[in-house]
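Working notes, beginning with the structure itself.
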Amino acid sequence: MQAAVLRVVQPEERLFSRGDAPDGLYAVIDGAIRATGVGSDGKEAVLALVEPPQWFGEIAVFDGLARTHDAIAVVESKIVHVPSAALSAMLEANPRWWKELALLVTTKLRLAFVMMEDTALLPLAPRVARRLVLMAEGYGEWADRSKRVVSVRQEVLGAMVSASRQSINQVLKDLEARGLIKIAYGEIEILDLEALKRG
């Protein structure tokens, strides 16, 4: 894709912020981007960790409105950016690609509903287990594989499930004691994905 621009972004570098004008579509090639919002009290809510080979930024492609959240690099990351003008030209030349973009949006909407229900109905331990499973399976992007190691800091995982780092640490230690995971600095190794799915 000639219109795509490859960028390397550093940890904590912003790709865009909530309220920014739309500037195209992005994909993670290497590394991780956190999609996040910050409340008036400064508390951060991490909506998702976007990892390879995920695309993001598609909402503004459809409605042309301002960005809905912040996109910030977690680690040094390689990003592909397809600028708005080039993307519009490609979509005009290939209207069937709108369906692919729509599927991207609906997949994320389905996941958002699942995560909202989890937050409302599940105790913390199964919420954490389900989020680790989602991350290991690429948020539904992969049908035939999963990651053995999930790269996520405990405070970020806490922000994803609305819990303190201390509470997350306790849940992870319990999962580790049950032989489902192994905790390392900035990483969680999945030892038994099927058991983790059962909570």
Side-chain angles (χ1 to χ4, degrees), residues 11-12 18 27-28 31-59 68-75 77 103-199:
E12 297 306 310
R18 173 180 284 167
V28 183
I33 303 295
R34 72 179 186 272
T36 183
V38 179
S40 57
D41 60 355
K43 184 179 178 182
E44 182 181 52
V46 179
L47 307 175
L49 283 184
V50 186
E51 298 176 288
Q54 292 177 299
W55 289 90
F56 63 102
E58 68 281 354
I59 293 173
T68 58
H69 55 269
D70 304 334
I72 304 168
V74 177
V75 295
S77 303
L103 288 172
L104 182 64
V105 172
T106 55
T107 298
K108 290 185 179 180
L109 182 59
R110 185 182 298 272
L111 281 171
F113 281 142
V114 168
M115 290 185 282
M116 286 168 57
E117 183 177 328
D118 285 354
T119 300
L121 300 178
L122 291 180
L124 181 58
R127 261 192 355 250
V128 170
R130 285 185 58 158
R131 184 57 67 101
L132 290 174
V133 169
L134 277 174
M135 294 170 69
E137 294 184 337
Y139 289 97
E141 293 287 319
W142 303 327
D144 58 345
R145 61 192 171 106
S146 62
K147 289 190 298 187
R148 184 174 173 85
V149 176
V150 174
S151 298
V152 62
R153 298 190 319 269
Q154 291 186 26
E155 59 268 24
V156 173
L157 184 58
M160 295 172 84
V161 297
S162 301
S164 69
R165 185 191 182 286
Q166 291 77 13
S167 298
I168 292 296
N169 184 260
Q170 187 60 49
V171 169
L172 293 178
K173 284 184 176 178
D174 179 59
L175 292 173
E176 187 173 48
R178 292 166 56 196
L180 306 187
I181 65 169
K182 183 177 180 183
I183 305 168
Y185 181 75
E187 293 181 341
I188 299 166
E189 183 179 356
I190 310 296
L191 301 179
D192 191 336
L193 184 63
E194 292 306 312
L196 200 61
K197 287 179 180 179
R198 296 192 294 270

Say you draw a straight line from CD of Glu187 to OH of Tyr185; how long is it, rounded to the nearest 0.5 Å?
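Between atom CD of Glu187 and atom OH of Tyr185 there are 11.0 Å.
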To the nearest 0.5 Å, how far apart are CD1 in Ile188 and CZ in Arg148?
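One finds 14.0 Å between CD1 of Ile188 and CZ of Arg148.
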For Gln166, all residues meeting side chain to side chain donor-acceptor pair (under 3.5 Å), sequence neighbours excluded:
none
Listed by chain and number, what are the side chain to side chain donor-acceptor pair (under 3.5 Å) partners of Ser151, not counting sequence neighbours?
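Applying side chain to side chain donor-acceptor pair (under 3.5 Å) to Ser151 gives none.
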Hey, does [Y] have a side-chain heavy atom less than 4.5 Å from the side chain of [X]?
{"X": "Glu12", "Y": "Ile72", "value": "yes"}
{"X": "Val156", "Y": "Val74", "value": "no"}
{"X": "Leu157", "Y": "Leu172", "value": "yes"}
{"X": "Glu44", "Y": "Asp70", "value": "no"}

Which heavy atom of Pro52 sits nearest a heavy atom of Gly31, and at what distance?
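The pair with the smallest heavy-atom distance is CD-O, 3.3 Å.
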Which atom of Phe56 lies closest to which atom of Ala71, heavy atoms considered:
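Minimum heavy-atom separation between Phe56 and Ala71: CE1-CB, 4.0 Å.
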List for me each residue that meets side chain to side chain contact (heavy atoms under 4.5 Å, CB included) alongside [X], sequence neighbours excluded, and say none if there are none.
{"X": "Glu117", "value": "Leu121"}
{"X": "Pro11", "value": "Glu76"}
{"X": "Val75", "value": "Ser77"}
{"X": "Leu124", "value": "Arg127, Val128, Val161, Ala163, Ser167, Ile168, Val171"}

Evaluation steps, side chain to side chain contact (heavy atoms under 4.5 Å, CB included), between Gln154 and Ile183
CA-CA 10 Å; Gln154 291 186 26; Ile183 305 168; 3.8 Å; yes
Pair Ile59-Lys108, side chain to side chain contact (heavy atoms under 4.5 Å, CB included): steps then yes or no
CA-CA 10 Å; Ile59 293 173; Lys108 290 185 179 180; over 6 Å; no
Could you tabulate the donor-acceptor pairs under 3.5 Å formed by side-chain atoms of residues 190-197, not counting sequence neighbours?
unit_1 : atom_1 : unit_2 : atom_2 : d
Asp192 : OD1    : Glu194 : N      : 3.4
Asp192 : OD1    : Ala195 : N      : 3.0
Glu194 : OE2    : Lys197 : NZ     : 3.4
Lys197 : NZ     : Glu137 : OE2    : 2.9

Sequence-distant partners of Arg153, salt bridge (charged side-chain N to carboxylate O under 4.0 Å, His left out), two or more places apart
Glu155
In chain order, what residues pass the salt bridge (charged side-chain N to carboxylate O under 4.0 Å, His left out) check against Arg130, with sequence neighbours excluded?
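So Arg130 forms a salt bridge (charged side-chain N to carboxylate O under 4.0 Å, His left out) with Asp118.
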Any donor and acceptor pair, going by atom type alone, linking the side chain of Arg18 with main-chain N or O of Thr68 inside 3.5 Å?
yes
Residue pairs passing the side chain to side chain donor-acceptor pair (under 3.5 Å) test where at least one lies in residues 173-183, sequence neighbours excluded:
Asn169-Lys173
In sequence, state the C-alpha distance, the side-chain angles, and the governing distance for Met160 and Val46, and then conclude on side chain to side chain contact (heavy atoms under 4.5 Å, CB included).
CA-CA 5 Å; Met160 295 172 84; Val46 179; 3.5 Å; yes
